[in-house]
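Letters go in sequence order (proteins before strands), and every chain restarts at 1. These numbers come from a predicted model, not from an experiment.
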Protein chains: 2
Amino acid sequence: MTADQVITVHGDAELIARAGHLFAGTQREFVCAARDLDTWSQPDARQAISRRMRGADTSGITVDKLVSPAALADEAARSHLREVATRGARVRISSAPLPHETIIIDRRVMILAGRGAPGMREFTVTTSPVLVDGVYSLFRAAWETATDLAAYLRGDVPHLDAGSRAVLRALGAGYTDESAARQLGLSLRTYRRRVAELMATLEADSRFQAGLRAGELGLTG
Amino acid sequence: MTADQVITVHGDAELIARAGHLFAGTQREFVCAARDLDTWSQPDARQAISRRMRGADTSGITVDKLVSPAALADEAARSHLREVATRGARVRISSAPLPHETIIIDRRVMILAGRGAPGMREFTVTTSPVLVDGVYSLFRAAWETATDLAAYLRGDVPHLDAGSRAVLRALGAGYTDESAARQLGLSLRTYRRRVAELMATLEADSRFQAGLRAGELGLTG
DNA sequence: AACGCGATGGCAGCAAGCTGCCATCGCCCA
DNA sequence: TGGGCGATGGCAGCTTGCTGCCATCGCGTT
């Protein structure tokens, strides 16, 4: 039995001071899962990282960012995500609650954030291969099933009104148009109009494709 | 800056000896993500755990097991999963590669397995709240988007032959039956027969529902 | 050769889905 | 009051999808 160490630091400033060099030393891969963008919206923390990254050769580095829909709530966060996406990062949205912040660099170092006020969070820095590999696999499992940012924005999921959701539920339940319309108190004509609108929204050419898209976008409940 | 410890043990025997009491001490929740069932298929390890769990009140404990499809490969593993499922555990299948083994008990203790021969793996035991909470969130994110075991077995995903997959692709591409049949070199009649078979397999009443199911079961590529 | 069997495909008829056209209704605004 | 407008629903005609029935074909068995 042996004992590895997990370093715990308090606050962004100490993290930058003690682990900043790890960010700059990224060789191949930088992955990150976070429920919000609080850490990076702290101006001084972001600038400190940016300064360190400047000059580094970032061309061969893949950047994967997994965030929850909450990160799209305000316009500042949206534009930040769009910006990193245009700089080559892959951004995906997970409907499930994510950690406050999990960062894995080159599959060697792992940084996790605990809860706490922005700027004063507790972070742990770990290099144990077993720990890092295990968490990395979990990250990938969550990543694989998440929705791409572009698809998420294209689908504009949250803009589905209650009616469309009801139609979606009826379709998903496998009803015929006739019984679905009856259940929703609509005429057959109107119900089908709704279905047609929904399919247009989902950019689907067939009902099968619409079902597929609806599933992809996590509209099933 | 403080330093927590991560305990590393080698092999199932040492894990049982040093951390076995943690399993028996489970109060509310036992979650586990694993790419295979090697650990639990080791007879002595499983028996040791079973012995410790005996007598403990397991009624109020929720058990969540997330495994990859590989865990359904051989019949022994399948029946083991069915058995834990009937004992109240929730079992889900993730199409993405999972860690060799990740266990989180009561959201307080975390045990991760590294690679290595069954029986001789390296395990880490961690109690750092920041680490455990972070990994727990990732687990939940992967869990949320995984497929329930029952649905997975019902769909019998692996038993889809090449033809069915081709049909699935055509449907997903949004082609009409006519053009899909032409592309696949089938008559319209046969193509529709295939679609009907597929829908029966997916237990779908409508094409929309079939699309939904296909998406759920991760058949889209 | 004769047979059985499963897969295929044509045909026909029906069910379901799609959409243009128009009448109607409720509502807001002038 | 009257006009405009969007949402609704009926109708009709068309397309697409669904399936039972039967003929055919290939293949392996007897």
I'd like to check the salt bridge (Lys or Arg N to Asp or Glu O under 4.0 Å) partners of B:Glu29; sequence neighbours left out, ordered by chain and number. B:Arg140
Using whole Å, report how far CG of A:Leu188 lies from P of C:dG17. 8 Å
Name all residues meeting the side-chain contact (heavy atoms from CB on, under 4.5 Å) criterion together with B:Thr190; count only those two or more places apart in sequence or in a different chain, and write none if there are none. B:Leu186, B:Ser187, B:Arg193, B:Arg194
All side-chain contact (heavy atoms from CB on, under 4.5 Å) counterparts of B:Val132, not counting sequence neighbours: B:Ile104, B:Met110
With B:Val63 via side-chain contact (heavy atoms from CB on, under 4.5 Å) - residues at least two apart: B:Phe30, B:Ile61, B:Ala89
Mind calculating the distance between CZ (B:Arg194) and C1' (D:dG17) to the nearest angstrom? 17 Å
Could you tell me the separation between the CG atom of B:Asp205 and the P atom of D:dC18, rounded to a whole number of Å? 12 Å
When the distance from CG of A:Leu186 to P of D:dG10 is rounded to whole Å, what number comes out? 11 Å
Distance check: side-chain N/O of B:Thr190 vs OP1/OP2 of C:dT8, anything under 4.0 Å? no
Evaluate the ring planes of A:Phe139 and A:Tyr136, with Trp represented by its six-membered ring, and classify them as parallel (under 30°), tilted (30 to 60°) or perpendicular (over 60°). tilted
Protein heavy-atom contacts under 4.0 Å, written 5' to 3' over nucleotides 18-26 of chain C as B (base), S (sugar-phosphate only) or - (none), form the string BBBB-----
Distance, rounded to the nearest Å, where B:Glu197 contributes CD and D:dC18 contributes P: 13 Å
With sequence neighbours excluded, what pairs up with B:Ala146 under the side-chain contact (heavy atoms from CB on, under 4.5 Å) test? B:Leu66, B:Arg92, B:Ser94
Nearest whole Å is fine: how far is D:dT16 P from B:Leu171 CG? 15 Å
